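Note sheet for the following structure.
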Amino acid sequence: MRLVFVLIVGCGRVGSSIAKSMQAEGHEVSVLDENPEAIALLNRGQEQSWEDLGGSFTVGTALEIDALLAAGIENADAFVASTDGDNTNLVIAQIAQRRFETGRVVVRVLDPARARWYAQQGLQTICPTQTAIELLERAVRGEDERRSSGVH
Amino acid sequence: MYAVIVGAGKVGWNLGRELIDKANEVTIVERSRRRYEVVEEELEHNIQYGDGTELWILERAGIERADLVIAVTGDDEDNILICQVAKEKYGVERVVARCNNPRNLQHFELLGVKPAVSATDLIMRLIEHEVPKYGLVHLLDLKEERLEIIEMEVAEGSPAEGASVQSLGLPEGSLVISILRDGGGFVPTGDSVVQAGDEVLLVLDIGLEEAVTERFAGRAAAPSG
(Lines give C-alpha, C1' and ligand atoms only; values in the text may rest on other atoms or scores of the structure.)
Protein backbone atom coordinates (compact mmCIF):
# COMPACT_ATOMS: atom_id res chain seq x y z
CA MET A 1 0.00 0.00 0.00
CA ARG A 2 1.42 3.37 -1.02
CA LEU A 3 1.51 6.02 1.70
CA VAL A 4 -1.89 7.61 2.17
CA PHE A 5 -3.91 9.79 4.52
CA VAL A 6 -6.23 7.72 6.70
CA LEU A 7 -9.11 9.15 8.75
CA ILE A 8 -10.40 6.93 11.55
CA VAL A 9 -13.61 7.89 13.31
CA GLY A 10 -14.12 6.17 16.66
CA CYS A 11 -11.09 5.62 18.85
CA GLY A 12 -11.91 2.57 20.90
CA ARG A 13 -9.89 -0.63 20.97
CA VAL A 14 -10.45 -1.24 17.28
CA GLY A 15 -9.98 2.30 15.95
CA SER A 16 -6.91 3.02 18.06
CA SER A 17 -5.23 -0.24 17.06
CA ILE A 18 -5.79 0.40 13.36
CA ALA A 19 -4.53 3.97 13.82
CA LYS A 20 -1.30 2.84 15.48
CA SER A 21 -0.50 0.15 12.94
CA MET A 22 -1.25 2.47 10.00
CA GLN A 23 0.93 5.15 11.56
CA ALA A 24 3.76 2.65 12.15
CA GLU A 25 3.62 1.74 8.46
CA GLY A 26 4.30 5.37 7.62
CA HIS A 27 0.80 6.54 6.67
CA GLU A 28 -0.56 9.88 7.77
CA VAL A 29 -3.28 9.17 10.31
CA SER A 30 -6.01 11.38 11.76
CA VAL A 31 -8.35 10.13 14.49
CA LEU A 32 -11.72 11.64 15.50
CA ASP A 33 -13.51 10.74 18.72
CA GLU A 34 -16.08 12.50 20.88
CA ASN A 35 -14.18 11.63 24.05
CA PRO A 36 -11.03 13.70 24.70
CA GLU A 37 -9.72 10.90 26.94
CA ALA A 38 -9.65 8.48 24.02
CA ILE A 39 -6.21 9.75 23.00
CA ALA A 40 -4.86 7.68 25.92
CA LEU A 41 -5.47 4.56 23.82
CA LEU A 42 -3.30 6.02 21.05
CA ASN A 43 -0.49 6.81 23.47
CA ARG A 44 -0.64 3.48 25.29
CA GLY A 45 2.41 1.27 24.74
CA GLN A 46 4.13 3.89 22.54
CA GLU A 47 7.52 5.40 23.27
CA GLN A 48 6.45 8.82 22.02
CA SER A 49 3.09 10.46 22.26
CA TRP A 50 0.65 10.04 19.37
CA GLU A 51 1.05 13.66 18.32
CA ASP A 52 4.86 13.56 18.59
CA LEU A 53 4.76 10.58 16.27
CA GLY A 54 2.96 12.79 13.76
CA GLY A 55 -0.57 11.52 14.28
CA SER A 56 -3.45 13.93 14.73
CA PHE A 57 -6.40 13.66 17.08
CA THR A 58 -9.61 15.69 16.92
CA VAL A 59 -12.34 15.80 19.55
CA GLY A 60 -15.81 15.96 18.05
CA THR A 61 -19.05 14.17 17.27
CA ALA A 62 -18.88 11.90 14.25
CA LEU A 63 -22.05 13.22 12.65
CA GLU A 64 -21.01 16.89 12.90
CA ILE A 65 -19.76 18.00 9.54
CA ASP A 66 -17.45 20.54 11.16
CA ALA A 67 -15.75 17.80 13.16
CA LEU A 68 -15.26 15.65 10.06
CA LEU A 69 -13.82 18.63 8.20
CA ALA A 70 -11.51 19.53 11.10
CA ALA A 71 -10.26 15.95 11.12
CA GLY A 72 -9.42 16.29 7.43
CA ILE A 73 -12.10 14.27 5.65
CA GLU A 74 -11.69 16.31 2.47
CA ASN A 75 -8.16 15.02 2.01
CA ALA A 76 -8.63 11.47 3.25
CA ASP A 77 -7.65 8.63 0.91
CA ALA A 78 -9.09 6.08 3.29
CA PHE A 79 -11.90 6.34 5.86
CA VAL A 80 -12.59 3.94 8.71
CA ALA A 81 -15.90 4.15 10.63
CA SER A 82 -15.30 2.39 13.91
CA THR A 83 -17.45 4.10 16.54
CA ASP A 84 -19.52 1.94 18.89
CA GLY A 85 -22.72 2.79 17.00
CA ASP A 86 -23.64 0.78 13.91
CA ASN A 87 -26.00 3.44 12.64
CA THR A 88 -23.49 6.24 13.18
CA ASN A 89 -20.90 4.21 11.27
CA LEU A 90 -23.26 3.49 8.39
CA VAL A 91 -24.31 7.13 8.06
CA ILE A 92 -20.81 8.67 8.25
CA ALA A 93 -19.41 6.07 5.86
CA GLN A 94 -22.03 7.07 3.31
CA ILE A 95 -21.19 10.73 3.89
CA ALA A 96 -17.53 9.93 3.17
CA GLN A 97 -18.43 7.90 0.10
CA ARG A 98 -21.07 10.14 -1.46
CA ARG A 99 -20.17 13.66 -0.39
CA PHE A 100 -16.40 13.51 -0.11
CA GLU A 101 -15.85 10.68 -2.59
CA THR A 102 -13.23 9.12 -0.34
CA GLY A 103 -11.45 6.38 -2.29
CA ARG A 104 -11.58 3.63 0.31
CA VAL A 105 -14.32 3.50 2.93
CA VAL A 106 -14.46 0.72 5.51
CA VAL A 107 -17.26 0.38 8.06
CA ARG A 108 -17.48 -1.69 11.19
CA VAL A 109 -21.02 -2.99 11.74
CA LEU A 110 -21.76 -5.30 14.65
CA ASP A 111 -25.21 -6.39 13.43
CA PRO A 112 -24.79 -9.04 10.69
CA ALA A 113 -28.13 -8.21 9.03
CA ARG A 114 -27.35 -4.53 8.58
CA ALA A 115 -23.77 -5.36 7.56
CA ARG A 116 -25.02 -7.72 4.85
CA TRP A 117 -27.61 -5.36 3.41
CA TYR A 118 -25.33 -2.33 3.32
CA ALA A 119 -22.59 -4.48 1.75
CA GLN A 120 -25.06 -5.26 -1.05
CA GLN A 121 -25.56 -1.51 -1.47
CA GLY A 122 -21.85 -1.03 -2.11
CA LEU A 123 -20.34 -0.28 1.29
CA GLN A 124 -17.34 -2.27 2.46
CA THR A 125 -18.66 -3.52 5.79
CA ILE A 126 -16.70 -5.58 8.28
CA CYS A 127 -18.81 -7.52 10.77
CA PRO A 128 -16.91 -8.76 13.85
CA THR A 129 -20.01 -10.60 15.05
CA GLN A 130 -20.22 -12.60 11.83
CA THR A 131 -16.50 -13.36 12.07
CA ALA A 132 -16.91 -14.55 15.65
CA ILE A 133 -19.89 -16.72 14.71
CA GLU A 134 -17.94 -18.38 11.90
CA LEU A 135 -14.84 -18.90 14.06
CA LEU A 136 -16.86 -20.35 16.90
CA GLU A 137 -18.79 -22.66 14.61
CA ARG A 138 -15.58 -23.97 13.13
CA ALA A 139 -14.01 -24.36 16.57
CA VAL A 140 -17.03 -26.30 17.77
CA ARG A 141 -16.78 -28.60 14.77
CA GLY A 142 -13.02 -28.93 15.33
CA GLU A 143 -12.22 -27.35 11.94
CA ASP A 144 -9.29 -25.09 11.08
CA GLU A 145 -10.38 -21.66 12.30
CA ARG A 146 -7.74 -19.72 10.36
CA ARG A 147 -9.64 -19.74 7.08
CA SER A 148 -12.55 -17.75 8.40
CA SER A 149 -13.31 -14.21 7.41
CA GLY A 150 -16.01 -11.80 8.39
CA VAL A 151 -15.54 -9.66 5.33
CA HIS A 152 -18.62 -9.40 3.17
CA MET B 1 -53.30 3.27 5.56
CA TYR B 2 -50.72 1.30 7.52
CA ALA B 3 -48.09 3.36 9.34
CA VAL B 4 -45.02 2.16 11.23
CA ILE B 5 -43.72 4.72 13.70
CA VAL B 6 -40.29 4.25 15.26
CA GLY B 7 -39.84 5.99 18.60
CA ALA B 8 -42.57 6.36 21.23
CA GLY B 9 -41.46 9.68 22.68
CA LYS B 10 -43.94 12.54 22.87
CA VAL B 11 -43.92 12.96 19.11
CA GLY B 12 -44.28 9.28 18.26
CA TRP B 13 -46.94 8.60 20.86
CA ASN B 14 -49.10 11.57 19.86
CA LEU B 15 -48.70 10.88 16.14
CA GLY B 16 -49.71 7.28 16.77
CA ARG B 17 -52.79 8.33 18.69
CA GLU B 18 -53.82 10.84 16.00
CA LEU B 19 -53.37 8.34 13.18
CA ILE B 20 -55.33 5.67 15.06
CA ASP B 21 -58.14 8.18 15.71
CA LYS B 22 -58.28 8.83 11.97
CA ALA B 23 -58.89 5.12 11.39
CA ASN B 24 -55.40 4.17 10.27
CA GLU B 25 -53.59 1.02 11.27
CA VAL B 26 -50.51 1.87 13.32
CA THR B 27 -47.59 0.04 14.88
CA ILE B 28 -45.17 1.98 17.05
CA VAL B 29 -41.75 0.49 17.81
CA GLU B 30 -39.98 1.55 21.00
CA ARG B 31 -36.64 0.30 22.27
CA SER B 32 -36.90 1.43 25.90
CA ARG B 33 -38.73 -1.22 27.93
CA ARG B 34 -40.01 1.32 30.44
CA ARG B 35 -41.32 3.69 27.82
CA TYR B 36 -42.88 0.78 25.96
CA GLU B 37 -44.78 -0.29 29.08
CA VAL B 38 -46.12 3.21 29.69
CA VAL B 39 -47.41 3.65 26.15
CA GLU B 40 -48.65 0.06 25.95
CA GLU B 41 -51.15 0.78 28.72
CA GLU B 42 -52.95 3.13 26.35
CA LEU B 43 -52.18 1.85 22.87
CA GLU B 44 -52.01 -1.89 23.69
CA HIS B 45 -51.23 -3.99 20.61
CA ASN B 46 -50.37 -0.88 18.59
CA ILE B 47 -46.92 -0.75 20.15
CA GLN B 48 -44.10 -3.29 19.97
CA TYR B 49 -40.93 -3.46 22.02
CA GLY B 50 -37.59 -3.52 20.20
CA ASP B 51 -34.80 -1.57 18.50
CA GLY B 52 -36.36 -0.16 15.36
CA THR B 53 -33.00 0.02 13.61
CA GLU B 54 -32.79 -3.79 13.61
CA LEU B 55 -34.15 -5.19 10.39
CA TRP B 56 -35.96 -8.13 11.97
CA ILE B 57 -37.75 -5.82 14.40
CA LEU B 58 -38.95 -3.69 11.48
CA GLU B 59 -40.02 -6.83 9.65
CA ARG B 60 -41.91 -8.06 12.71
CA ALA B 61 -43.68 -4.69 12.80
CA GLY B 62 -44.80 -5.31 9.22
CA ILE B 63 -42.63 -2.77 7.42
CA GLU B 64 -42.97 -4.70 4.18
CA ARG B 65 -46.64 -3.77 3.89
CA ALA B 66 -46.34 -0.27 5.41
CA ASP B 67 -47.61 2.68 3.37
CA LEU B 68 -45.81 5.12 5.61
CA VAL B 69 -42.79 4.92 7.92
CA ILE B 70 -42.19 7.70 10.44
CA ALA B 71 -38.83 7.80 12.22
CA VAL B 72 -39.03 10.04 15.27
CA THR B 73 -36.35 8.77 17.65
CA GLY B 74 -34.00 11.16 19.42
CA ASP B 75 -31.02 10.05 17.30
CA ASP B 76 -30.59 11.45 13.82
CA GLU B 77 -28.40 8.57 12.64
CA ASP B 78 -31.14 6.14 13.64
CA ASN B 79 -33.83 8.15 11.88
CA ILE B 80 -31.73 8.33 8.72
CA LEU B 81 -31.02 4.62 8.74
CA ILE B 82 -34.63 3.61 9.42
CA CYS B 83 -35.93 5.72 6.54
CA GLN B 84 -33.18 4.59 4.23
CA VAL B 85 -33.89 0.88 4.71
CA ALA B 86 -37.65 1.53 4.65
CA LYS B 87 -37.39 3.09 1.19
CA GLU B 88 -34.54 1.20 -0.37
CA LYS B 89 -34.86 -2.27 1.16
CA TYR B 90 -38.57 -2.57 1.83
CA GLY B 91 -39.93 -0.29 -0.90
CA VAL B 92 -41.99 1.90 1.44
CA GLU B 93 -43.43 4.75 -0.63
CA ARG B 94 -43.58 7.48 1.98
CA VAL B 95 -41.20 8.18 4.82
CA VAL B 96 -41.01 11.07 7.24
CA ALA B 97 -37.98 11.64 9.45
CA ARG B 98 -37.45 13.80 12.47
CA CYS B 99 -34.23 15.78 12.40
CA ASN B 100 -33.16 16.55 15.97
CA ASN B 101 -30.15 18.69 15.15
CA PRO B 102 -30.83 21.04 12.22
CA ARG B 103 -27.14 20.89 11.32
CA ASN B 104 -27.75 17.27 10.35
CA LEU B 105 -30.39 18.17 7.74
CA GLN B 106 -27.70 18.01 5.06
CA HIS B 107 -27.09 14.33 5.89
CA PHE B 108 -30.77 13.49 5.52
CA GLU B 109 -30.75 15.19 2.13
CA LEU B 110 -27.52 13.55 1.01
CA LEU B 111 -28.89 10.09 1.77
CA GLY B 112 -32.24 10.79 0.13
CA VAL B 113 -34.29 10.87 3.33
CA LYS B 114 -37.06 13.41 2.88
CA PRO B 115 -39.02 15.05 4.18
CA ALA B 116 -36.94 15.58 7.31
CA VAL B 117 -38.69 17.72 9.88
CA SER B 118 -36.70 19.81 12.32
CA ALA B 119 -38.65 21.33 15.21
CA THR B 120 -35.78 23.72 15.88
CA ASP B 121 -35.92 24.95 12.31
CA LEU B 122 -39.68 25.38 12.42
CA ILE B 123 -39.52 27.36 15.63
CA MET B 124 -36.70 29.50 14.25
CA ARG B 125 -38.90 30.35 11.28
CA LEU B 126 -41.73 31.34 13.56
CA ILE B 127 -39.35 33.54 15.52
CA GLU B 128 -38.13 35.12 12.29
CA HIS B 129 -41.74 35.68 11.33
CA GLU B 130 -42.28 37.56 14.58
CA VAL B 131 -39.02 39.51 14.34
CA PRO B 132 -38.31 39.74 10.64
CA LYS B 133 -34.87 40.86 9.59
CA TYR B 134 -35.20 43.99 7.46
CA GLY B 135 -38.85 43.12 7.02
CA LEU B 136 -38.05 39.89 5.17
CA VAL B 137 -39.95 36.70 5.97
CA HIS B 138 -39.31 33.35 4.32
CA LEU B 139 -42.64 31.83 3.42
CA LEU B 140 -41.58 28.84 1.38
CA ASP B 141 -38.37 27.30 0.07
CA LEU B 142 -38.74 25.17 -3.04
CA LYS B 143 -35.34 23.58 -2.81
CA GLU B 144 -35.48 21.30 -5.82
CA GLU B 145 -36.90 24.04 -8.01
CA ARG B 146 -34.31 26.46 -6.55
CA LEU B 147 -36.98 29.06 -5.86
CA GLU B 148 -38.18 30.78 -2.74
CA ILE B 149 -41.23 32.79 -1.82
CA ILE B 150 -40.68 35.68 0.56
CA GLU B 151 -42.65 38.49 2.10
CA MET B 152 -41.15 41.97 2.31
CA GLU B 153 -42.49 44.89 4.26
CA VAL B 154 -42.16 48.17 2.40
CA ALA B 155 -40.28 50.57 4.67
CA GLU B 156 -40.87 54.29 4.69
CA GLY B 157 -38.26 56.08 2.61
CA SER B 158 -37.29 52.91 0.78
CA PRO B 159 -36.69 52.98 -2.98
CA ALA B 160 -39.90 50.99 -3.45
CA GLU B 161 -42.20 53.43 -1.70
CA GLY B 162 -44.44 55.16 -4.24
CA ALA B 163 -43.00 53.20 -7.16
CA SER B 164 -45.04 51.11 -9.57
CA VAL B 165 -44.33 47.40 -9.67
CA GLN B 166 -42.68 47.63 -13.08
CA SER B 167 -40.33 50.38 -11.90
CA LEU B 168 -39.29 48.73 -8.63
CA GLY B 169 -35.87 47.94 -10.08
CA LEU B 170 -36.05 44.30 -9.05
CA PRO B 171 -33.33 41.98 -10.28
CA GLU B 172 -34.02 39.49 -13.06
CA GLY B 173 -35.29 36.27 -11.56
CA SER B 174 -37.71 37.92 -9.15
CA LEU B 175 -41.42 38.62 -9.49
CA VAL B 176 -44.03 40.31 -7.32
CA ILE B 177 -46.94 37.89 -6.93
CA SER B 178 -49.18 39.84 -4.57
CA ILE B 179 -49.49 42.89 -2.37
CA LEU B 180 -51.12 42.77 1.06
CA ARG B 181 -52.62 46.07 2.25
CA ASP B 182 -55.19 46.99 4.92
CA GLY B 183 -56.00 43.38 5.75
CA GLY B 184 -56.64 42.40 2.12
CA GLY B 185 -54.48 41.31 -0.78
CA PHE B 186 -54.41 41.62 -4.56
CA VAL B 187 -52.39 40.44 -7.49
CA PRO B 188 -50.79 43.59 -8.92
CA THR B 189 -50.24 44.67 -12.48
CA GLY B 190 -47.12 46.46 -13.63
CA ASP B 191 -48.85 49.78 -12.93
CA SER B 192 -49.86 49.03 -9.33
CA VAL B 193 -48.16 51.45 -6.95
CA VAL B 194 -46.45 50.16 -3.81
CA GLN B 195 -47.00 52.07 -0.57
CA ALA B 196 -45.08 52.19 2.70
CA GLY B 197 -46.44 49.55 5.07
CA ASP B 198 -47.50 47.19 2.24
CA GLU B 199 -46.44 43.59 2.50
CA VAL B 200 -45.21 42.37 -0.85
CA LEU B 201 -44.98 38.69 -1.71
CA LEU B 202 -42.28 37.76 -4.18
CA VAL B 203 -41.05 34.62 -5.82
CA LEU B 204 -37.31 34.59 -6.52
CA ASP B 205 -34.39 32.53 -7.64
CA ILE B 206 -32.31 31.50 -4.67
CA GLY B 207 -29.55 34.01 -3.93
CA LEU B 208 -31.42 37.18 -4.87
CA GLU B 209 -32.60 38.01 -1.37
CA GLU B 210 -30.13 40.76 -0.74
CA ALA B 211 -30.72 42.54 -4.04
CA VAL B 212 -34.46 42.43 -3.40
CA THR B 213 -34.18 43.50 0.23
CA GLU B 214 -32.40 46.72 -0.61
CA ARG B 215 -35.32 47.90 -2.74
CA PHE B 216 -37.75 47.60 0.17
CA ALA B 217 -35.65 48.50 3.20
CA GLY B 218 -35.41 52.02 4.56
CA ARG B 219 -32.06 53.72 4.10
CA ALA B 220 -30.96 53.32 7.70
CA ALA B 221 -31.96 49.69 7.92
CA ALA B 222 -30.42 48.58 4.64
CA PRO B 223 -28.04 45.67 5.18
CA SER B 224 -24.41 46.62 4.81
CA GLY B 225 -23.20 43.22 3.60
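Nothing here was measured: the structure is a model prediction, and the numbers come from that model. Proteins get letters first, then strands, A, B, ... in listed order; numbering begins at 1 in each. Only heavy atoms go into these numbers, but all of them, side chains included; no hydrogens, no water, no symmetry mates.
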Carboxylate-amine/guanidinium proximity below 4.0 Å for B:Lys114 and B:Glu109: no
Is it the case that B:Thr27 and B:Tyr2 place a side-chain donor and acceptor less than 3.5 Å from each other? yes
Which atoms of B:Asp78 are under 4.5 Å from chain A, going by heavy atoms: the side chain, the backbone, both sets, or neither? both
Per-residue contact mode, B:Gln106 against chain A (heavy atom under 4.5 angstrom): side chain
What part of A:Leu90 lies closer than 4.5 angstrom to a heavy atom of chain B: side chain, backbone, both or neither? side chain
What I want to find out is whether B:Asp75 reaches B:Arg31 closely enough, with some N-O distance under 4.0 Å, to be called a salt bridge. yes
side-chain hydrogen bond (donor to acceptor under 3.5 Å, both in side chains) between B:Tyr49 and B:Glu40: does it pass, once the steps are laid out? CA-CA 9 Å; B:Tyr49 169 62; B:Glu40 197 264 345; over 6 Å; no
Region of B:Ile80 that comes under 4.5 Å of a non-hydrogen atom in chain A: side chain
